[in-house]
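See structure below.
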Amino acid sequence: MRQADRNGEPGLMGAVVRFCRLLREHEFLVAPMECADALRATTMLGVADRAAVHLAMRAVLTSRHEELDIFDTLFERFWSGALADAPTPLPAPELLPPKPRDTVPASLSMDRWLAAPRGDLETVEAKSASHSAAGSPVRMGRSSADELRTIERVARAVARRLARQPSRRWKASERGRRIDLRASMRRSLPLGGEVAQMARRAQRLRKLRLVTVCDVSGSMDLYARFFLQFVSALQRSTARVESFAFATGLTRITGQLASGHPDAAMAAAAHAVRDWSAGTRIGESLAILERHWSRYVDRNTILVILSDGWDTGDPALLAATLERLAARSRRIIWLNPLLGSARYRPETAGMRAALPYIDVLAPLNDIGSLRALPRVLFH
Amino acid sequence: MAERPPVRHPCDVNPEIAGLQARLERESYLTEPQVATAIFLAEGLPRPLLVEGPPGVGKTEIAKVLARSRNADLIRLQCYEGLDVSTALYEWNYAKQLLHIKLGEQAASSSSVAQREAEIFSEPYLLKRPLLQAITHVGAPPVLLIDEVDRSDEEFEAFLLELLSDFQVTIPEMGTIRAVAQPSVVLTSNRTRELSEALRRRCLYLWIDYPTLEKELRIVRLKVPGISEALARQVALFMQAVRRMELSRTPGVAETLDWAAALSLLGATSLDESVIRGTSGCFMKDRDDANQLQTALDDGALATMLSFRA
């Protein structure tokens with residue numbers, strides 16, 4: 001502990017520790033070992049050469065490409081004062097993900113919806129994307145008990161299949177399909193080379209993850225609730241689901257939807273999403289997903305987007321973001337409730353921009369299309 | 001697409017890092033202070049080095065150049081999905097063991113069962129795969145390159161993490177084997193998959209991006225000595241412009257060098273549309289990209305591409 005003092009740099013260690021704490025507040029992966037290594041690196045290079053110290057600390061303390069810029073900003077801000085006693089600066093607002101603008105909490109309408117008796121059908125004119133698409137009224141109220149059971153069943157089916165995709169890894173198994181020659185020869189050694197029993201291998205199962213991104217803007221309100229009921233049931237069946245809701249910005253609602261009772265889950269989610277029933281910016285929201293939550297989107301992820309494609313954002317941004325997400329993830333599935341109408345064609349700028357990067361485009365507007373979902377997801 | 005601007009401070013570069021940079025440049029690898037610092041720390045602390053970046057920018061080269069500059073051996077483990085311990089660490093040579101047993105039976109030797117067992121489970125019957133080779137290397141500590149670690153899976157990463165912490169391996173029949181000298185470890189990743197937090201924390205992080213115009217020009221001049229100055233400049237300008245196009249497979253430095261070598265071989269003196277069309281296979285590896293480039297050239301974009309300054 002006296003190392004810093006011996007080197008004649010009083011407070012260097014304290015400053016490095018404070019800097020590491022600042023980084024941790026910004027969600028950097030910095031544990032005490034990394035902090036100690038940062039200090040050693042600094043003493044190895046000498047404190048006088050600030051450029052070298054900057055590069056050295058960056059190599060030790062960052063672990064992702066996205067963190068490099070944030071690190072540079074924080075480093076400048078922290079060490080531009082005197083090295084010893086720089087006060088810990090407050091996190092800058094622009095470094096945090098942008099908050100969606102405040103709207104009237106649509107949780108009120110959600111509470112009213114939850115309080116209505118089951119089976120009451122709410123007839124609503126679904127806002128249509130263009131004049132040519134069908135504007136037929138949607139009959140969607142809170143699902144009856146039967147429908148809830150169907151939703152739970154479908155959710156369980158999806159959860160089962162998520163956990164059991166075949167992968168390329170093989171493991172020893174007495175009932176496997178393939179013969180494992182190496183293990184068979186190994187077993188024959190104590191018998192002097194006579195192969196008495198063949199060892200077998202079976203395929204290990206790959207566990208996929210599902211990331212659902214649900215459009216909760218004004219035009220999607222009822223469909224979103226229906227879908228989120230399903231996602232909530234899915235989260236009760238498996239842990240490998242992450243759920244997000246977006247309108248003008250993106251909110252993660254995995255924690256809220258995971259709570260035990262379906263109604264409580266929906267209410268919690270509605271309270272968490274500040275821009276429920278607001279306008280739509282698909283491209284911007286997906287860009288937030290890619291920037292801040294990309295750790296959930298990898299080779300084993302199926303990305304499911306529920307949206308009617310009607311948005312006021314930039315189609316070019318949507319296309320570029322979807323292209324990058326498509327490269328990272330296993331499949332992208334776009335569920336469009338308007339597809340349920342026979343006359344609908346994906347003509348909005350948003351849908352057209354997104355089409356090349358979608359693996360499967362399918363409808364989701366009622367129980368029937370929900371029952372078809374496992375097939376859509378897993379082919 | 002260009003590199004991040006260098007960190008500007010009015011100080012001299014640390015002499016040890018400058019020395020390392022000079023050593024790397026002698027092996028024809030041009031680099032910046034940040035790469036040299038990362039390598040310096042990876043050896044000094046010591047910690048494994050995780051190198052990320054787009055394909056073709058020289059991530060694997062770092063390990064090779066490092067090995068050459070230290071006159072050390074390079075041991076390479078190429079990762080793929082389903083890579084498991086027996087392919088990465090070690091395996092017993094079952095066929096040889098069986099043969100030994102059979103021959104032993106016929107010769108009717110007088111050694112006991114235990115002795116014979118110790119014989120067949122000894123080093124001559126052990127097939128050492130790259131990771132074990134790195135640990136048991138004699139002589140100067142080698143450079144262990146674990147290439148494209150993002151193509152392996154989580155289980156392998158967990159195993160790798162354990163190995164990188166202790167550098168020791170337990171083989172049940174032989175006991176624990178500890179590394180005599182810790183190898184320098186370089187991991188590369190193309191970011192197709194998010195690596196586990198534990199692995200990323202364990203390693204130093206280095207991001208290598210596409211080069212700037214000046215740097216690419218220097219690389220071309222260094223690696224393709226026969227090329228004329230004017231042509232090298234045109235090639236560098238063209239590649240910078242190509243990278244600004246929205247391609248599905250953006251060409252890296254490796255492609256630039258291939259193209260420059262091809263042009264030099266063909267004896268081209270300057271870039272024009274017919275030359276580019278003829279040699280575009282060197283840097284365009286996708287049909288849609290090639291069509292996009294063709295359209296751009298047909299629209300007369302060549303002059304703009306060759307005159308742009310970064």
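The sequence lines fix the lettering, A, B, ..., with proteins before strands; numbering per chain opens at 1. These numbers were taken from a predicted model, which means no experiment stands behind them.
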In terms of heavy-atom proximity below 4.5 Å to chain B, should [X] be classed as side chain, backbone, both, or neither?
| X | answer |
| --- | --- |
| A/Ser188 | side chain |
| A/Arg204 | side chain |
| A/Arg182 | both |

Would you please test B/Glu155 and A/Lys207 for salt bridge (charged side-chain N to carboxylate O under 4.0 Å, His left out) and show each step? CA-CA 12 Å; B/Glu155 285 94 340; A/Lys207 299 190 182 79; over 6 Å; no
Among [options], residue most engaged with chain B (heavy-atom pairs, under 4.5 Å):
| options | result |
| --- | --- |
| A/Ala56, A/Ala52, A/Ser329 | A/Ala56 |
| A/Met44, A/Arg186, A/Glu323 | A/Arg186 |
| A/Asp298, A/Leu29, A/Thr301 | A/Leu29 |
| A/Val297, A/Thr62, A/Val60, A/Asp37 | A/Asp37 |

Going through the checks in order, is the side-chain contact (heavy atoms from CB on, under 4.5 Å) test met by B/Arg191 and A/Arg64? CA-CA 10 Å; B/Arg191 303 217 312 163; A/Arg64 249 193 224 117; 5.5 Å; no
Would you say CD of B/Glu154 has more than 12 non-hydrogen atoms from neighbouring residues, nucleotides or ligands within 6.0 angstrom? no
Using a 6.0 Å cut-off, check whether atom CZ of B/Arg249 has over 12 heavy atoms from anything other than its own residue. no
Please determine whether side-chain contact (heavy atoms from CB on, under 4.5 Å) holds for the pair B/Glu81 and A/Arg206, giving the CA-CA distance in whole Å, both sets of side-chain angles, and the decisive distance to 0.1 Å. CA-CA 12 Å; B/Glu81 191 182 338; A/Arg206 189 209 305 270; 3.0 Å; yes
Between B/Asp153, B/Leu50, B/Leu206, B/Leu199, which has the largest tally of heavy atom pairs under 4.5 Å with chain A? B/Asp153
salt_bridge(A/Glu194, B/Lys102) N-O dist < 4.0 Å: yes
Which heavy-atom pair separates B/Leu45 from A/Ala41 by the least distance, and what is that distance? CD2-N, 4.1 Å
Can you see which heavy atom on A/Glu34 is nearest to which on B/Arg201, and at what distance? OE2-O, 3.2 Å
Residue part contacting chain A, namely of [X], when any heavy atom lies under 4.5 Å:
| X | answer |
| --- | --- |
| B/Ile101 | side chain |
| B/Leu83 | backbone |
| B/Phe156 | both |
| B/Glu117 | neither |

Among B/Ile17, B/Val35, B/Thr37, find the one that has a side-chain contact (heavy atoms from CB on, under 4.5 Å) with A/Leu55. B/Thr37
Rounded to the nearest 0.5 Å, what separation is found between the CG atom of B/Asp209 and the NE2 atom of A/His65? 6.0 Å
Derivation of the side-chain contact (heavy atoms from CB on, under 4.5 Å) call for B/Tyr94 and A/Leu181: CA-CA 10 Å; B/Tyr94 301 118; A/Leu181 278 179; over 6 Å; no
Evaluate the side-chain proximity of B/Gln97 to A/Met185: yes if any heavy-atom separation is below 4.5 Å, no if none is. no
Indicate yes or no: at least one non-hydrogen side-chain atom of A/Arg58 is less than 4.5 angstrom from one of B/Tyr205. no
